[in-house]
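Worth saying up front: this structure is predicted, and the values here are computed from it rather than measured.
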Amino acid sequence: EMGATLLTTCIFALLLSKPLEAAQCMPDNENPCIAMCNGTTFDITKVFNYPVNLTDPRGYYYLFSPCKGYPCPSGEQPTTDTAVCQKADVFYTCGKIEKPIVMWGLTYEPFIFSFQYPWGVDWRISIFNFISDPTQTVPTIKFISEDPFLQYNFEVRGKCIGQPDCNDN
C-alpha cells in the first residue's frame with residue numbers, strides 16, 4: 001500500500017514538474033459515468049459492480065454509486081442522487097452524481113483521469129483518481145485521505161479503469 005501511494009505521488013509530481021496540461025471533459029447528459037474529452041471517451045460504468053463499499057482508517061464507511069446515485073439519509077438534507085455517502089457519526093452526502101467534474105491529465109501511459117463529485121453537505125467533495133496499471137488485471141479502489149478538510153480523495157487502479165480502447169483480456 002505504501003508503494004502504491006508513493007508511486008501515485010511520484011506520477012503526480014512528474015506531471016506537475018512540466019507545464020500543467022489537462023483538459024476538462026464534458027459529462028454525458030444521460031449517464032454521469034461517461035465523459036467525452038477532446039475526442040476521447042471515458043466510461044467508468046463497468047469498472048465495478050456499483051455501489052462499492054469502502055472504509056477509511058478512522059473506521060468511516062463510504063458507499064460509491066456514481067452511475068445511478070444512492071439514497072443517503074444525510075441529516076436535514078437527505079438525497080437520492082448521492083455519488084458518495086459517508087457514515088461517520090451520522091450520514092453525510094460527500095458528493096452528488098449531478099454534473100461531475102471530469103479531468104484528464106492528457107497522458108496515455110498511464111492514463112490518469114479523475115471524476116470529481118461536488119455538491120456534498122457543507123461543501124464536501126469526493127475526488128476519484130483513475131490510474132491505468134497494465135499489471136493489475138482486477139481494478140481496486142481505496143480511500144487515500146481527507147485533505148484538505150471535507151475533500152475525500154480516492155484512487156482507482158487497474159488495467160481497464162474506463163479509458164478508451166482497453167481490452168481486459
Side-chain angles (χ1 to χ4, degrees), residues 1 4-5 7-9 11-12 15-16 22-37 41-105 110-133 136 139-158 160-163:
E1 178 168 305
T5 302
L7 178 61
T8 300
T9 303
I11 290 171
F12 284 117
L15 289 175
L16 293 176
Q24 185 170 354
C25 307
M26 175 67 79
D28 185 79
N29 288 329
E30 302 296 319
N31 184 343
C33 280
I34 298 174
M36 285 65 68
C37 197
T41 300
F42 296 100
D43 183 353
I44 62 169
T45 307
K46 296 179 182 173
V47 175
F48 298 106
N49 185 17
Y50 301 108
V52 174
N53 292 298
L54 301 128
T55 306
D56 74 15
R58 301 168 294 188
Y60 294 0
Y61 296 96
Y62 300 86
L63 189 134
F64 179 44
S65 185
C67 302
K68 297 187 193 279
Y70 190 82
C72 189
S74 184
E76 296 178 10
Q77 302 174 17
T79 65
T80 57
D81 60 346
T82 299
V84 180
C85 183
Q86 178 195 59
K87 171 66 169 86
D89 53 338
V90 296
F91 289 95
Y92 296 98
T93 297
C94 295
K96 296 184 179 183
I97 62 170
E98 177 187 1
K99 298 179 185 170
I101 300 165
V102 182
M103 300 294 293
W104 176 30
F111 260 101
I112 300 175
F113 60 96
S114 68
F115 274 70
Q116 303 174 22
Y117 302 95
W119 320 118
V121 171
D122 297 328
W123 298 99
R124 284 172 169 81
I125 182 171
S126 294
I127 299 174
F128 288 78
N129 290 309
F130 290 77
I131 302 169
S132 66
D133 181 346
Q136 194 167 338
T140 59
I141 184 171
K142 67 180 179 178
F143 176 88
I144 299 296
S145 66
E146 179 184 348
D147 185 36
F149 184 61
L150 302 180
Q151 176 179 306
Y152 304 93
N153 303 293
F154 300 86
E155 178 184 279
V156 175
R157 182 178 291 273
C160 292
I161 40 90
Q163 75 272 32

Look at the rings of [X] and [Y] and say which category their plane angle falls in: under 30° parallel, 30 to 60° tilted, over 60° perpendicular.
X    : Y    : value
F128 : F130 : tilted
F154 : F143 : perpendicular
W104 : F111 : parallel

Roughly how far apart are [X] [atom1] and [Y] [atom2], rounded to 0.5 Å?
X    : Y    : atom1 : atom2 : answer
Q116 : N153 : CD    : CG    : 9.5 Å
S65  : Y50  : OG    : OH    : 9.0 Å
I34  : D43  : CD1   : CG    : 4.0 Å
T41  : D28  : OG1   : CG    : 9.0 Å
Y60  : Q86  : OH    : CD    : 6.5 Å
I127 : I144 : CD1   : CD1   : 12.0 Å

Least distance between heavy atoms, [X] atom then [Y] atom:
X    : Y    : value
I161 : P139 : CG2-CB, 4.4 Å
M103 : A22  : CE-CB, 4.2 Å
C33  : T45  : CB-OG1, 3.5 Å
F64  : L54  : CB-CD1, 4.3 Å

Stepwise side chain to side chain contact (heavy atoms under 4.5 Å, CB included) check, L150 with I125: CA-CA 7 Å; L150 302 180; I125 182 171; over 6 Å; no
Would you check if [X] and [Y] make a side-chain contact, meaning some heavy-atom pair closer than 4.5 Å?
X    : Y    : value
I101 : P118 : yes
P27  : P32  : no
T82  : I97  : no

Residue from N129, I44, I131 passing side-chain contact (heavy atoms from CB on, under 4.5 Å) with F113: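 Answer after filtering N129, I44, I131: I44.
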With side chain to side chain contact (heavy atoms under 4.5 Å, CB included) as the test, would you mind laying out the steps for I141 and F48 before giving the verdict? CA-CA 9 Å; I141 184 171; F48 298 106; 3.6 Å; yes
Applying side chain to side chain contact (heavy atoms under 4.5 Å, CB included), run through Q151 and E146 and close with a yes or a no. CA-CA 5 Å; Q151 176 179 306; E146 179 184 348; 5.9 Å; no
Between the side chains of R157 and E155, is the shortest nitrogen-to-carboxylate-oxygen separation below 4.0 Å, so that they form an ion pair?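 Yes, E155 and R157 are salt-bridged.
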So does M26 have more than 12 non-hydrogen atoms from other groups sitting under 6.0 Å from CE?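 Check fails, neighbour count at 12 or below.
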Atom CG of N49 with >12 non-hydrogen neighbours under 6.0 angstrom: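 Open.
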Can you tell me if the gamma sulfurs of C94 and C85 fall under 2.5 Å?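 Cystine link not detected, SG atoms outside the 2.5 Å cut.
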Can Q24 and V102 be said to form a side chain to side chain contact (heavy atoms under 4.5 Å, CB included), step by step? CA-CA 6 Å; Q24 185 170 354; V102 182; over 6 Å; no
May I have all residue pairs that pass salt bridge (charged side-chain N to carboxylate O under 4.0 Å, His left out) and include part of residues 48-57, sequence neighbours excluded?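 Non-adjacent pairs meeting salt bridge (charged side-chain N to carboxylate O under 4.0 Å, His left out): D56-R58.
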Cation-pi check, R124 onto Y92 ring (under 6.0 Å, within 45° of axis):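 Geometry flag: set, cation within 6.0 Å and 45°.
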